[in-house]
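Sequence positions, counted from 1, serve as the residue numbers for this chain. When a ligand or atom number is given, it counts from 1 through the structure's own listing order. Side-chain atoms are counted along with the backbone in the values below, which use heavy atoms only and exclude waters and symmetry mates.
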Amino acid sequence: GKSVAVTADSAQPIRGELSVLERCRRCGLWENATQAVPGEGPTTARMMLLGEQPGDHEDLAGRIFVGPAGQVLDQALQRAGLDRDQLYVSNAVKHFKWEGRGRQRLHISPSPAEVQACGHWLREELAQLEPAVIVTLGATALTALLGSKARLADFLSKPFLWGQTWVMATWHPSYALRVENAARREEIVSGIAQALQMGWQLAN
Ligand code: URA
């Protein structure tokens, strides 16, 4: 299997520790998904990134942000001078929600009920990690964290305290992939990079 033995080494990724996640039936998304995609990163990470849900590539690989959105994320991280393995990266929803269109599997946004059901796993991750900073990628991640519908525009790029934790809201990397205009795309990637950099400063 893909599960990783948990050792006393605190730098050991917690990926695999949530293997019971694979058997999650808290909502119906497991039925059409290949597998659950857990968060990844060291338990010692002070900063957490929160995406929406696995995409097509992630669903097949069982690994988070390995598809096109992940490439944009890596680009933004590189600009911010950060490595993915310095961070814990997770999604608000752990199973891929999609509809068939010909041979393609097209992403569908998770419903509020699905986001809420998956909050069980998010709370577990937060309790284990106690991150100093959470950078939310897109509106779903922000809404999942705050527990009520949030307008991304109201929070964008302004860090705020959520309990003891700094939250930094930015765009989802896949937004850059949907934008045609190259200058606008560049604005989005650099906006994400700035949010990551500011988050890192708050975490350290
Ligand atoms: N988009 C996300 O929000 N998360 C992933 O893991 C991949 C794409």
Could you check whether Glu58 pairs with Lys94 (Lys NZ or Arg NE/NH1/NH2 to Asp/Glu carboxylate O, under 4.0 Å)? no
Pull out every atom of ligand 1 sitting under 4.0 Å from any heavy atom of Gly51, numbered as shown with elements. 3 (O)
So that I can tick it off, tell me whether Glu99 and Arg101 are bridged by a salt bridge, with the cut-off set at under 4.0 angstrom between side-chain N and carboxylate O. yes
Is His172 in contact with ligand 1, taking contact as a heavy-atom separation below 4.0 Å? yes
With distance as the sole criterion, is a donor-acceptor pair present between the side chains of His95 and Glu114 under 3.5 Å? no
Between ligand 1 and Gly55, is the shortest N or O to N or O distance under 3.5 Å? no
Which ligand 1 atoms are under 4.0 Å away from a heavy-atom of Glu52? 2 (C), 3 (O)
Under a 4.5 Å side-chain heavy-atom rule over Ile, Leu, Val, Met, Phe, Trp and Tyr, are Val66 and Leu137 clustered together? no
Phe96 pairs by side-chain contact (heavy atoms from CB on, under 4.5 Å) with which of Arg105, His57, Gln35? Arg105
Tell me, which protein residue and heavy-atom name are nearest atom 2 (C) of ligand 1, and how many Å apart are they? Gln53 O, 2.9 Å
Does NZ or CZ of Arg184 come closer than 6.0 Å to the centre of the six-membered ring of Trp171, within 45° of the ring's axis? yes
Against heavy atoms of Ile64, which atoms of ligand 1 measure under 4.0 Å? 6 (O)
So which protein heavy atom does atom 4 (N) of ligand 1 come closest to, and at what separation? Asn91 OD1, 2.7 Å
